[in-house]
**Student:** 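Take a look at this one; I'll ask things after.
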Amino acid sequence: MASRESQERLAALSAPDTTVLLTVECQQGVVGPDSALPELAAAARSSGALDNIARLVAAAHESGVQVMHAVAESRPDGRGANRNARLFRAAARLPVQQHTGTTAVRVAAPIQVAEEDLVVRRLHGLSPLAGTDVDALLRNLGCRTLVVTGVSANVAIPNAVFDAVNLGYTAVVPADAIAGVPAEYTPAMIRNTLALVATVTTTDDILGRWKEPRRRAGT
């Protein structure tokens with residue numbers, strides 16, 4: 001159980017009007033049944049991370065927290081895509097491609113996308129923040145705290161957290177709402193890397209904070 005001090009800090013950080021919930025690459029072609037990366041998809045589902053992300057998104061919709069979905073995609077002709085790392089070259093050979101406009105780049109169940117959600121798509125790079133509209137959108141929304149969820153703990157999640165911190169946001173990571181491969185890598189990465197720069201918490205702790213304003217409003 002989190003200490004009283006850490007609970008109070010999380011409550012201050014996760015105020016709905018200054019918090020944005022970011023889902024990273026939670027798309028059908030990555031975490032869905034027909035994933036290009038079946039091992040990663042299996043880890044996201046078996047760990048409960050995908051279900052926890054869906055819970056966070058649903059609670060954000062109810063609590064007035066802005067939700068943003070970061071989707072990685074590519075053009076069929078590959079224009080603008082990176083080729084400067086082994087990861088990109090391997091991805092280009094996968095049987096399932098994250099092509100713009102296909103089902104592969106739709107947000108995967110059980111996550112529900114609401115009309116007020118923002119969907120930001122990128123054609124290049126490793127981070128949902130670098131070289132995209134995310135930073136400008138966050139600033140226009142008055143965001144101070146970015147809750148980072150999704151996949152993978154190997155690449156995109158640490159990139160998102162580092163970029164958020166470098167840009168001046170406070171990053172919050174619910175440890176049970178991210179996934180990577182192998183499964184044992186994720187907690188090690190959280191403990192040894194993300195915990196140094198982000199507030200690490202749980203889905204239930206965040207849900208508790210977001211429910212409090214509604215309870216107080218009804219009293």
**Student:** Could you tell me whether Arg45 atom CZ has more than 12 heavy atoms of other residues or ligands within 6.0 Å of it?
**Tutor:**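 Atom CZ in Arg45 is crowded, with more than 12 foreign heavy atoms closer than 6.0 Å.
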**Student:** Under a 4.5 Å cut-off applied to non-hydrogen side-chain atoms, are Asp117 and His69 in contact?
**Tutor:**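 A side-chain contact exists here, since the closest heavy-atom pair is under 4.5 Å.
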**Student:** Has Arg122 got a side-chain atom pairing as donor or acceptor with Val71's backbone, closer than 3.5 angstrom?
**Tutor:**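 Checked: no pair found.
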**Student:** Hey, does Val148 have a side-chain heavy atom less than 4.5 Å from the side chain of Ile178?
**Tutor:**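 They are not in side-chain contact.
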**Student:** Look at the side chain of Thr132 and the backbone N and O of Leu129, then say whether any donor-acceptor pair between them is shorter than 3.5 Å.
**Tutor:**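 Yes, the answer is positive, given that a donor and an acceptor are paired below the 3.5 Å cut-off.
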**Student:** Does any N or O in the side chain of Asn154 come within less than 3.5 Å of the main-chain N or O of Val181, such that one atom is a donor and the other an acceptor?
**Tutor:**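 Judged by distance alone, yes, a pair lies under 3.5 Å.
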**Student:** For residues Gln98 and Val96, determine if any side-chain heavy atom of one lies less than 4.5 Å from a side-chain heavy atom of the other.
**Tutor:**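 Heavy-atom side-chain distance check passes, below 4.5 Å.
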**Student:** Check whether any side-chain heavy atom of Thr193 sits under 4.5 Å from a side-chain heavy atom of Phe162, and report yes or no.
**Tutor:**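 Side chain of Thr193 against side chain of Phe162, heavy atoms only: contact under 4.5 Å found.
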**Student:** Does some side-chain heavy atom of Val172 sit less than 4.5 Å from a side-chain heavy atom of Leu146?
**Tutor:**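 Leu146 does not reach Val172 side chain to side chain.
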**Student:** Mark yes or no for whether Asp77, through its side chain, and Arg79, through its backbone, hold a donor-acceptor pair below 3.5 Å.
**Tutor:**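 Yes: the side chain of Asp77 pairs with the backbone of Arg79.
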**Student:** Side chains of Gln28 and Thr103: any donor to acceptor distance under 3.5 Å?
**Tutor:**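 The criterion, which ignores hydrogens and geometry beyond distance, is not satisfied for Gln28 and Thr103.
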**Student:** If we ignore hydrogens and angles and just use 3.5 Å, is the side chain of Asn52 paired with the main-chain N or O of Gly48 as donor and acceptor?
**Tutor:**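 Indeed, once roles are kept as given, a pair shorter than 3.5 Å links the two residues.
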**Student:** Test your reading of the model: is there a side-chain donor-acceptor pair from Thr102 to the backbone of His99, 3.5 Å cut-off?
**Tutor:**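 Between the backbone of His99 and the side chain of Thr102 there is a qualifying donor-acceptor contact (under 3.5 Å).
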**Student:** According to salt bridge (Lys or Arg N to Asp or Glu O under 4.0 Å), who are the partners of Asp204, at least two apart in sequence or on a separate chain?
**Tutor:**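 Scan of Asp204 (salt bridge (Lys or Arg N to Asp or Glu O under 4.0 Å), adjacent residues dropped) gives Arg55.
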**Student:** Treat each ILVMFWY residue as a node, draw an edge where side-chain heavy atoms are under 4.5 Å apart, and state whether Val165 and Leu138 are in one component.
**Tutor:**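 Result: yes, single cluster for both.
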**Student:** Count I, L, V, M, F, W, Y as connected when their side-chain heavy atoms are under 4.5 Å apart, and connections chain through other members. Are Tyr169 and Val120 then in the same cluster?
**Tutor:**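 Yes, because Tyr169 and Val120 connect within a single hydrophobic cluster, where side-chain heavy atoms sit under 4.5 Å apart.
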**Student:** Following the transitive rule for hydrophobic clusters with a side-chain heavy-atom cut-off under 4.5 Å over Ile, Leu, Val, Met, Phe, Trp and Tyr, establish whether Val200 and Val161 coincide in one cluster.
**Tutor:**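 In one cluster: yes.
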**Student:** Kindly say whether Trp210 contributes a backbone atom to a donor-acceptor pair with the side chain of Ser63 at under 3.5 angstrom?
**Tutor:**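 Yes.
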**Student:** Counting distance only, does the side-chain N/O of Gln27 pair as donor-acceptor with the main-chain N or O of Ala72 below 3.5 Å?
**Tutor:**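 Yes; at least one donor-acceptor contact below 3.5 Å.
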**Student:** Dump the intermediate steps for side chain to side chain contact (heavy atoms under 4.5 Å, CB included) on Ile206 and Leu56, then the final yes or no.
**Tutor:** CA-CA 8 Å; Ile206 293 177; Leu56 287 165; 3.8 Å; yes
**Student:** Please answer whether the main-chain N or O of Pro128 pairs with a side-chain N or O of Glu25 as donor and acceptor at a distance below 3.5 Å.
**Tutor:**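 No; zero donor-acceptor contacts below 3.5 Å.
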**Student:** Quick one: do Ile157 and Leu40 end up in the same hydrophobic cluster if we chain Ile, Leu, Val, Met, Phe, Trp and Tyr together by side-chain heavy atoms under 4.5 Å apart?
**Tutor:**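 No: no chain of side-chain contacts under 4.5 Å links Ile157 to Leu40.
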**Student:** Can Val24 be reached from Val65 by stepping across I, L, V, M, F, W or Y side chains whose heavy atoms are under 4.5 Å apart?
**Tutor:**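 The answer is no; the residues belong to distinct hydrophobic clusters.
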**Student:** Is it the case that Asp176 and Thr202 place a side-chain donor and acceptor less than 3.5 Å from each other?
**Tutor:**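 Distance-only check fails for Asp176 and Thr202.
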**Student:** So, the side chain of Asn192 versus the backbone of Met189: is there a donor-acceptor pair under 3.5 Å, distance only?
**Tutor:**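 No; judged by distance alone, with no hydrogens or angles, the pair does not exist.
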